[in-house]
Amino acid sequence: MTGPDSCRTLRRSVLTSEGVVWELDLFASVLHLRGDHIVDQPHENESGDVLCWNGEIFQGIPVNSEENDGSKLFQELTRAPGSDITAVFARLEGPYAFAFFQSSTRKLYFGRDPMGRRSLLTRAPTPNCPWYTIASTSLGPGSPSSESFDEVSAEHLYCIDLSVLSLHRARHSLNRCLPFEDKAKTTNARISDVYFDQFRETVDEFVRRLSEAVERQVTNIPPRSVGQARLAVLFSGGIDSAIVAFLAHRYLPLDEPIDLLNVAFENPRELENKKRARGNKPVDSLENIYLVPDRVTGFEGVEELRTLCPGRRWNFESSRTRSHVEDLMFPSRTVMDLSLALALYFASRGVGTIRDVVDPNASEGSGRKTRTVDYTCDARVLLSGLGSDELLGGYSRHKLSFMTGSWPALLDELQLDLDRLPSRNLGRDDRVISSNARETRYPFLDLSFVAFAASVPVFLKMDPTMDMNGVGDKLLLREAARSLGLVKAASRRKRAMQFGSRSARMTENAEERRGDTTLGSRTHRDNPKNSQAQVASGGS
């Protein structure tokens with residue numbers, strides 16, 4: 001697994017209305033994931049139009065398996081008048097960030113998809129850096145300073161008129177946060193005999209819609225060499241990752257492996273707690289050090305998949321610096337950002353070990369013989385279960401909102417969570433994961449699926465009246481998982497990634513115990529050894 005596959009820079013000179021010449025430098029790199037050959041970027045034509053494209057088109061423009069989606073989009077944009085540029089993007093479903101220079105109007109358009117699934121940053125001119133910068137990361141070529149970068153809002157597409165240097169913004173024609181159902185129609189009804197038939201129909205439709213989203217996102221990935229995985233799943237063993245992995249199994253050839261990436265951290269603070277609990281005796285073994293909650297459920301989850309999907313090889317993989325991750329995730333810079341970014345960085349690196357099953361035909365629980373071997377994930381595409389909690393009520397605060405303000409308050413909280421995904425999660429995650437030359441795709445955030453989920457009455461998606469320690473969260477998803485045979489995954493309780501992998505609260509520093517605390521200066525780092533991790537996979 002290497003990348004990028006190509007990169008180059010183009011320069012365009014733009015004459016302003018006052019006779020000043022501005023230089024426009026456009027750089028793009030390519031990780032080849034669409035079409036039957038590598039297409040260099042930036043895209044350009046004889047008219048002087050240029051497109052820098054970082055994304056995938058799953059719906060809105062027909063793209064067959066031999067074609068490159070960036071090339072198809074460029075054709076659409078060059079045919080569209082300036083006023084119709086935003087209309088082209090309003091038709092698209094897929095994660096993207098882009099910059100498009102239209103030579104005839106001397107305008108530069110840029111923006112992110114309505115859900116913000118790809119990173120895009122801007123930096124205004126300063127005395128030391130007297131140019132305007134638009135980039136996917138603050139660590140781009142020639143970037144003299146990353147401190148002044150800001151994340152581009154996913155609410156708008158932007159346009160800079162280079163002839164007069166004015167900045168305009170236009171809202172996406174497709175709302176970024178598709179609104180949840182009309183609060184006025186929401187009742188205090190719970191799932192009972194009256195709603196049972198409707199619930200069963202909703203479960204079936206839920207599975208169908210999510211399956212379609214997964215199919216769109218996995219069937220266009222170019223195959224790797226024989227025996228290499230083209231797809232990996234960020235896999236904790238929880239319900240989100242388990243159902244995504246199971247559905248992906250439906251759409252890839254059975255003779256291809258699927259990598260399940262699981263990360264476990266050697267958390268110094270947790271180790272000290274264990275030592276104190278054992279009377280300051282050392283922890284027994286390296287294995288016990290990394291036996292964190294997500295690894296335990298990961299092992300359980302892969303066994304359930306092996307039982308349900310015989311014939312598929314599941315590589316359940318586990319792996320082994322803070323300052324680098326801080327730079328990658330910037331301008332996100334809270335303690336919680338770092339906890340999540342560390343887990344994603346090491347998981348997406350995909351370098352670790354797999355616990356290979358010697359006899360795949362042995363039944364579960366019969367003492368399957370395993371061996372541990374070094375392993376590096378070759379897949380360039382990672383599937384993530386992110387978005388299910390925001391759409392289906394997976395956080396404890398959703399129940400608290402219901403307790404304090406009933407259904408309207410719960411709907412407001414769900415909408416708020418969906419609204420802030422681009423600024424809280426997705427840009428940061430893309431910057432971190434793409435640094436390892438991989439691309440993340442999110443079936444739960446497919447816009448067609450989001451529209452469906454938003455239309456489902458909230459009382460069919462979760463039951464906030466259950467005990468706070470119950471499993472009412474994501475009730476619809478749990479029932480969908482049971483209908484697919486993922487009974488064990490359906491019963492697992494929600495656990496945040498930073499706590500399941502033990503990447504949270506890595507030090508005894510009291511100032512870094514609160515997740516919303518802003519990290520200190522990026523020139524003063526903690527010892528990198530505090531970010532040791534084991535990316536663990538097991539095989540079959």
Side-chain angles (χ1 to χ4, degrees), residues 51-60 73 77 80 82-102 107-124 132-138 148-161 166-183 329-334 337 386-387 389-391 411-431 434 440-442 444-455:
L51 172 66
C52 295
W53 171 249
N54 175 21
E56 302 288 344
I57 297 176
F58 299 132
Q59 290 178 295
L73 174 61
L77 292 173
S83 58
D84 290 340
I85 295 297
T86 55
V88 173
F89 285 98
R91 290 157 36 199
L92 303 185
E93 156 46 24
Y96 63 78
F98 77 96
F100 173 62
F101 174 62
Q102 189 175 53
K107 291 181 178 178
L108 179 68
Y109 297 86
F110 63 96
R112 306 162 67 192
D113 71 84
M115 291 302 299
R117 289 164 284 184
R118 289 290 173 266
S119 170
L120 196 63
L121 308 174
T122 60
R123 185 182 59 77
Y132 191 86
T133 305
I134 304 168
S136 293
T137 173
S138 62
S148 53
F149 275 89
D150 295 308
E151 198 149 42
V152 173
S153 169
E155 288 189 64
H156 305 277
L157 297 181
Y158 294 81
C159 173
I160 298 178
D161 188 340
S166 60
L167 177 65
H168 307 281
R169 63 183 183 179
R171 280 194 177 274
H172 281 279
S173 298
L174 180 63
N175 288 337
R176 171 170 61 87
C177 303
L178 295 165
F180 286 93
E181 66 275 5
D182 186 349
K183 299 185 183 68
M329 73 184 194
F330 191 82
S332 301
R333 57 183 312 169
T334 68
D337 285 323
L386 182 70
D389 293 300
E390 289 77 8
L391 285 170
L411 287 170
D412 286 341
E413 190 68 27
L414 289 168
Q415 185 66 59
L416 176 61
D417 278 342
L418 191 62
D419 285 352
R420 60 192 179 190
L421 266 177
S423 58
R424 264 197 168 191
N425 299 77
L426 292 164
R428 175 201 66 210
D429 295 355
D430 184 52
R431 290 189 291 278
S434 64
T440 322
R441 299 180 182 178
Y442 305 93
F444 286 104
L445 296 182
D446 175 280
L447 290 181
S448 296
F449 180 77
V450 171
F452 160 73
S455 70

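Quick caveat, the model's predicted, so the values are computed rather than measured.
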(message) Using side-chain contact (heavy atoms from CB on, under 4.5 Å), reason through Trp53 and Leu73 one step at a time and then give a plain yes or no.
(response) CA-CA 9 Å; Trp53 171 249; Leu73 174 61; 3.3 Å; yes
(message) Could you work out, with side chain to side chain contact (heavy atoms under 4.5 Å, CB included) as the rule, every residue matching Ser434, not counting sequence neighbours?
(response) Asp430
Considering residues at least two apart in sequence or located in another chain, which fulfil the side-chain hydrogen bond (donor to acceptor under 3.5 Å, both in side chains) criterion with [X]?
X: Arg118; answer: none
X: Asp417; answer: Arg397, His398, Arg420
X: Asp429; answer: none

(message) Applying ring pair (Phe, Tyr, Trp, His ring centres under 6.0 Å), can you list everything that pairs with Phe98, at least two apart in sequence or on another chain?
(response) Phe89
(request) Could you tell me which residues satisfy ring pair (Phe, Tyr, Trp, His ring centres under 6.0 Å) with Phe444, sequence neighbours excluded, listed by chain and number? (result)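 Ring pair (Phe, Tyr, Trp, His ring centres under 6.0 Å) list for Phe444, sorted by chain: Phe449.
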Approximate separation, where rounding is to 0.5 Å, of [X] [atom1] and [Y] [atom2]:
X: Leu445; Y: Leu426; atom1: CG; atom2: CG; result: 6.0 Å
X: Ile57; Y: Arg91; atom1: CD1; atom2: CZ; result: 9.0 Å
X: Phe100; Y: Leu51; atom1: CZ; atom2: CG; result: 7.0 Å
X: Leu121; Y: Arg112; atom1: CG; atom2: CZ; result: 8.0 Å
X: Leu391; Y: Leu386; atom1: CG; atom2: CG; result: 9.5 Å
X: Leu447; Y: Leu92; atom1: CG; atom2: CG; result: 10.0 Å

(message) I'd like to check the salt bridge (charged side-chain N to carboxylate O under 4.0 Å, His left out) partners of Arg431; sequence neighbours left out, ordered by chain and number.
(response) Glu151
(message) Going by salt bridge (charged side-chain N to carboxylate O under 4.0 Å, His left out), name the residues that satisfy it together with Glu93, two or more places apart in sequence or in a different chain.
(response)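 Scan of Glu93 (salt bridge (charged side-chain N to carboxylate O under 4.0 Å, His left out), adjacent residues dropped) gives Arg117.
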(request) Might you work through the side-chain contact (heavy atoms from CB on, under 4.5 Å) test for Leu414 and Glu390, ending with a clear yes or no? (result) CA-CA 6 Å; Leu414 289 168; Glu390 289 77 8; over 6 Å; no
For a quick test of reading the model, state the closest non-hydrogen atom pair linking [X] to [Y] and the distance between them.
X: Ser119; Y: Ala97; answer: O-CB, 3.5 Å
X: Gly94; Y: Phe58; answer: CA-CD1, 3.8 Å
X: Ala80; Y: Asp84; answer: CB-CB, 4.1 Å

(request) Report yes if the side chains of Tyr96 and Glu56 come closer than 4.5 Å at any heavy-atom pair, otherwise no. (result)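 No; the side chains remain at least 4.5 Å from each other.
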(request) Indicate yes or no: at least one non-hydrogen side-chain atom of Leu120 is less than 4.5 angstrom from one of Phe110. (result)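 Yes. Closest side-chain heavy atoms under 4.5 Å.
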(message) Could you check whether any side-chain N or O of Arg428 sits under 3.5 Å from a backbone N or O of Arg424, counting only pairs where one atom can act as donor and the other as acceptor?
(response)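 The answer is yes, because a donor-acceptor pair under 3.5 Å joins these two groups.
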(request) Spell out, as yes or no, whether a donor-acceptor pair under 3.5 Å connects the side chain of Asp161 to the backbone of Lys107. (result)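 No.
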(request) Among Thr137, Thr133, Ile134, Thr122, find the residue that satisfies the side-chain contact (heavy atoms from CB on, under 4.5 Å) test when tested with Phe149. (result)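 The side-chain contact (heavy atoms from CB on, under 4.5 Å) with Phe149 is passed solely by Thr133 among Thr137, Thr133, Ile134, Thr122.
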(request) Please step through side-chain contact (heavy atoms from CB on, under 4.5 Å) for the pair Tyr158 and Ser153, ending with a clear verdict. (result) CA-CA 10 Å; Tyr158 294 81; Ser153 169; 3.6 Å; yes
(message) Using side-chain contact (heavy atoms from CB on, under 4.5 Å), reason through Tyr132 and Arg123 one step at a time and then give a plain yes or no.
(response) CA-CA 6 Å; Tyr132 191 86; Arg123 185 182 59 77; over 6 Å; no
